[in-house]
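Notes follow once the structure below has been shown.
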Amino acid sequence: MELPSQYNAKEVEDKIYRLWEESGFFNPDKLPSRNKKPFSIIMPPANANGNLHAGHALVMTIEDIMTRYKRMRGFKALWLPGLDHAGFETQIVYEKKLEKEGRSRFKMTPEELYKEILEFTEANKTNIQTQVKKMGASCDWSRLKFTLDKDIVDIVYQTFEKLYKDNLVYKGKKIINWCPKHQTSLSDLETLDAERQDKFYYLKYGPFTIATARPETKFGDKYVVMHPKDKRYKDYKDGQKIELEWINGPITATIIKDDVIDMDFGTGVMTITPWHDAVDFGIAERNNLEKEQIIDFYGKLLPIAGEFAGMKIAEARPLIIEKLHSKGLVEKVEENYKHVVKTCYKCGTLIEPQIKEQWFLKMKPLAEPAIKAIKNNQIKIIPGHYKKIALHWLNNIIDWNISRQIVWGIPIPAKTCEKCQNIIIDTENKINTCPKCGEKDLIKEKDTFDTWFSSGQWPYATLDFPKGKDFKTFYPTDVMETGGDIIFFWVSRMIMFSLYNTKKIPFKNVYLHGLVLDAKGQKMSKSKGNVINPLDLTDKYGTDALRMALVVGNTSGTSLPLDENKIKGYRNFATKIWNAARFVLLQNDNSKLTKTDKKLLADFKKLAKEITKEMDGFKFYVASEKIYHYFWHTFCDKIIEDYKKKLVSYDLLATLLFESLKLLHPFMPFITEEIYQQLPIKNKKECIMIEEWITQ
RNA sequence: GGGCGCUUAGCUCAGUUGGUAGAGCAUCUCAUUUACACUGAGAGGGUCAUAGGUUCGAGUCCUAUAGCGCCCACCA
């Protein structure tokens with residue numbers, strides 16, 4: 001058959017992917033009998049709210065490499081794909097869409113909103129699957145899971161109920177991060193620190209001077225706090241009352257001594273606003289102080305602010321200062337005070353801490369076994385320095401707010417009795433009477449789970465824990481490959497939930513990749529306009545070329561600048577492979593192995609062993625580079641040239657081509673498969689995908 | 001305020017228990033229409049951030065300094 005001189009990726013890729021899918025070998029149950037020992041990777045579920053981005057392309061490439069390698073090594077390899085409803089993230093994407101259409105989620109019923117987002121997500125599920133396939137992912141689509149599938153939700157509910165029974169879940173009125181724009185609470189991981197320059201006001205508070213950047217919170221301040229050991233204030237006793245003139249008239253303040261106060265900061269005295277500040281909340285809790293809400297959930301001042309009630313903070317602040325000035329309560333104003341504030345990680349809106357009843361998960365008891373498993377390397381983290389990062393976080397873990405005031409998510413399966421406030425966990429939504437007092441008025445929880453509460457259970461939920469066949473075969477999984485940026489959000493929580501629920505680690509290895517950056521090493525972002533769409537690149541250069549560009553020279557945990565020139569280089573390599581194969585296929589020759597040939601074959605086997613070692617050590621960047629180098633500069637430049645000079649046999653040529661193609665296959669699956677399909681070899685299998693990694 | 005990572009050829013990066021520097025891309029020279037010009041042969045290019053230390057010997061280990069990047073943190 002006549003092969004064209006250039007490899008046409010576009011024509012080949014869809015055809016080859018179909019061949020693989022039809023072969024059934026993505027499904028470990030359908031692999032040949034030699035594939036016995038299980039190997040498993042659970043794919044980080046892709047958000048079903050948009051398109052495949054460069055980060056996905058990297059995930060798909062690395063995980064596909066691992067899976068294809070293990071499959072060829074004779075493992076019963078499972079790569080289980082998944083899709084994520086991605087609660088908050090998707091709702092934001094959808095809200096932006098609504099905004100563009102001039103609509104708002106606050107003008108819709110929760111049911112309407114849920115229905116629309118569901119439709120949107122369903123449409124995106126197909127879209128993202130098609131794109132994952134474009135990357136050549138050899139995952140088992142027959143096992144595809146979606147985070148809102150009934151069986152997944154059932155497991156999430158069972159876990160929630162178990163946690164509640166074990167007294168690890170509680171409903172509590174605590175200070176939380178509130179995003180006034182999105183109207184939901186956020187966990188501590190979902191806020192970002194932002195440095196701000198604001199005015200810093202020194203205000204007269206009776207005999208004291210207090211400093212604040214937020215005068216608008218000060219209306220209700222009736223506790224003045226200082227360090228018990230501060231000599232300047234030794235004459236004031238804990239609990240002592242003082243009368244003073246404040247913003248809206250005379251008040252009675254109480255002296256509180258608490259050692260959280262930094263004596264060296266400002267005047268060493270501060271007043272507290274427990275409803276809107278986490279530190280102040282802590283002081284109030286410790287000392288049993290009253291708490292009062294000053295700002296409502298939309299960021300407007302409440303009636304306690306008197307004449308300022310109903311105003312937004314930004315407009316109220318200068319007016320409040322003006323009034324304080326007129327009353328002679330402003331001592332001085334520092335102009336450029338630098339301080340750090342919390343913002344919503346999605347919209348950048350200033351977080352307004354609020355006290356609100358939320359569901360919390362006690363983390364310390366869950367973290368302990370996880371710490372142990374990481375410490376003793378039961379779970380190995382690659383690269384190694386992430387071990388410390390994970391341990392540090394786990395050692396300092398605080399209770400996790402798992403409830404969100406958004407509709408797009410898994411509803412928290414709980415009800416509260418109107419009469420006796422009894423909390424009922426009702427995973428099947430069947431209970432209509434309070435088992436404690438018989439009351440029929442039960443209030444159904446409106447909040448949904450933080451999306452990580454469900455995705456944190458992904459490794460065992462997808463494998464049909466506890467009784468499924470897959471759970472027994474494939475759990476614990478071998479590798480969790482994901483981005484280093486979600487080690488706290490996701491990886492740590494999977495470890496904790498899994499150890500709690502299954503008593504086993506969820507995965508033996510965690511492989512963390514870095515960020516994919518643009519060619520200049522800049523983070524990709526829509527605002528910078530430097531976002532690279534991986535599908536444009538596969539279209540232009542072929543998927544194999546993109547995959548190579550993503551893996552060669554990319555060490556774990558390090559970010560990777562993606563340069564189009566690099567991809568072009570591997571497109572050239574694909575052409576090289578193509579033409580080398582074309583040359584070999586055109587020969588009409590039966591010459592057998594000679595002594596020199598055997599030496600060359602031994603050299604290759606040595607290299608193959610080295611590459612195998614690198615693959616086992618997760619050093620795909622070395623393995624890919626080695627086979628690249630061998631194929632181009634040894635096989636093509638030397639061996640083919642020697643063959644032309646009749647220095648080596650056809651047998652050697654054909655053998656080395658075949659063996660090299662196999663080593664290349666995990667990295668460049670399409671072109672290697674396409675060539676394999678045309679090779680005139682004995683005992684040919686349906687596809688190279690199930691060939692033996694190294695011929696013994 | 002704590003912690004972590006990085007600093008090696010023009011660029012992007014390797015360099016696993018210490019033994020006098022590697023790859024890809026880029027550059028330059030030459031070759032030729034050969035399976036492949038998305039080609040071949042060759043060349044140039046690094047006091048391995050800086051300063052000390054350990055050692056027979058350090059890019060590799062230790063200490064300090066600087067620059068860059070990242071993460072965590074309740075200084076009003």
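None of the values given here were measured: they were computed from a predicted structure. Labels below follow one simple rule: chain letters A, B, ... track the order of the sequence lines, proteins then strands, and each chain is numbered from 1.
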C1' spacing across the pair B:G46 / B:A14, given as an integer number of angstrom: 15 Å
Pairwise P distance, B:U8 and B:G42 [rounded to whole Å]: 29 Å
Rounded distance (Å) that lies between atom P of B:C71 and atom OH of A:Y345: 15 Å
Sequence neighbours excluded - side chain to side chain donor-acceptor pair (under 3.5 Å) pairs with any residue from residues 569-581 of chain A: A:N579-A:R582
Matching residue for A:S624 among A:N554, A:V551, A:L664 - test: side-chain contact (heavy atoms from CB on, under 4.5 Å): A:V551
Rounded distance in Å - CG (A:L517) to P (B:C68): 18 Å
A:N396 CG to B:C72 C1', straight-line distance once rounded to whole Å: 8 Å
Touch class at under 4.0 angstrom, heavy-atom based, for A:K568 against every strand present: nothing
A:D221 CG - B:A76 P separation (whole Å): 15 Å
Sugar-phosphate, base or nothing in reach of A:V552, heavy atoms under 4.0 Å: nothing
Contact under 4.0 Å: A:H629 side-chain N or O vs B:G24 OP1/OP2: yes
Residue pairs involving residues 479-491 of chain A (criterion side chain to side chain donor-acceptor pair (under 3.5 Å); sequence neighbours excluded): A:E481-A:H513
Distance-only polar pair, side chains of A:D616 and A:Y69, donor-acceptor under 3.5 Å: yes
Closest-nucleotide ordering on RNA chain B, the 5'-leading residue of A:F583 and A:W632: A:F583
Sugar-phosphate only, base, or nothing, as touched by A:G268 at under 4.0 Å among non-hydrogen atoms: base
Value in whole Å for how far the P atom of B:A76 lies from NE2 of A:H227: 17 Å
For RNA chain B, the dot-bracket pattern of Watson-Crick and G-U pairs whose distances stay under 3.5 Å, | for other-strand partners: (((((((..((((.....[..)))).(((((.......))))).....(((((..]....))))))))))))....
Residue pairs involving residues 259-292 of chain A (criterion ring-ring contact (aromatic ring centres under 6.0 Å, His included); sequence neighbours excluded): none
B:A26 phosphate, OP1 or OP2, under 4.0 Å from A:N565 side-chain N/O: no
Nearest-nucleotide pick for A:K576, side chain only, options being B:C74, B:G24, B:U39: B:U39
Distance in angstrom units between A:I639 CD1 and B:G40 P, rounded: 15 Å
Heavy-atom closest pair, residues A:W178 and A:Q354: CB-CG, 3.7 Å
Touch class at under 4.0 angstrom, heavy-atom based, for A:Y541 against every strand present: nothing
Partner set under salt bridge (charged side-chain N to carboxylate O under 4.0 Å, His left out) for A:R214, not counting sequence neighbours: A:E216, A:E352
Lys/Arg N to Asp/Glu carboxylate O, A:K346 vs A:E89, below 4.0 Å: yes
Residue pairs, two or more places apart or on separate chains, that pass salt bridge (charged side-chain N to carboxylate O under 4.0 Å, His left out) and touch residues 659-673 of chain A: A:E659-A:K662
Modelled atom types, side-chain donor and acceptor of A:T273 and A:D221, under 3.5 Å: yes
Residue pairs, two or more places apart or on separate chains, that pass ring-ring contact (aromatic ring centres under 6.0 Å, His included) and touch residues 209-230 of chain A: A:F219-A:F308
Within residues 383-394 of chain A: residues closer than 4.0 Å to RNA chain B (heavy atoms): A:H385, A:K388, A:H392
Counterpart residues, ring-ring contact (aromatic ring centres under 6.0 Å, His included), relative to A:F360 (two or more places apart): A:Y170
Six-ring centre of A:F583, A:K644 cation under 6.0 angstrom, axis tolerance 45°: yes
Listed pairs, N/O of protein and of nucleotides 12-19 of chain B, under 3.5 Å:
unit_1: B:C13; atom_1: O2'; unit_2: A:G553; atom_2: O; d: 3.4
unit_1: B:A14; atom_1: OP1; unit_2: A:T555; atom_2: OG1; d: 2.6
unit_1: B:G15; atom_1: OP1; unit_2: A:Y621; atom_2: OH; d: 3.1

N/O to N/O distances under 3.5 Å, protein versus nucleotides 42-46 of chain B:
none

Sugar-phosphate only, base, or nothing, as touched by A:A580 at under 4.0 Å among non-hydrogen atoms: base
Distance-only donor-acceptor check, side chains A:K174 and A:N401, under 3.5 Å: no
Sugar-phosphate, base or nothing in reach of A:I283, heavy atoms under 4.0 Å: nothing
Presence of A:Y570 side-chain N/O under 4.0 Å of B:G24 phosphate oxygens OP1/OP2: no
Atom-to-atom span, CD1 of A:I671 to P of B:C36 - whole angstrom: 15 Å
Rounded distance (Å) that lies between atom C1' of B:C75 and atom CD1 of A:I261: 9 Å
Where at least one partner belongs to residues 191-201 of chain A, residue pairs that pass side chain to side chain donor-acceptor pair (under 3.5 Å), sequence neighbours excluded: A:D198-A:H339
Separation of the P atoms in B:G19 and B:U34, to the nearest angstrom: 48 Å
C1' gap between B:G15 and B:U33, integer Å: 40 Å
B:A49 versus B:U16 - spacing of their P atoms, nearest Å: 15 Å
Gap in Å between the two P atoms, one belonging to B:C71 and one to B:U63, rounded: 26 Å
Distance between P atoms of B:U7 and B:C62 (Å, rounded): 15 Å
Nearest-angstrom distance, P atom, B:C13 to B:G69: 14 Å
Residue whose closest nucleotide on RNA chain B lies nearer the 5' end, A:D193 versus A:D277: A:D193
More than 12 heavy atoms from other groups under 6.0 Å of NZ on A:K568: no
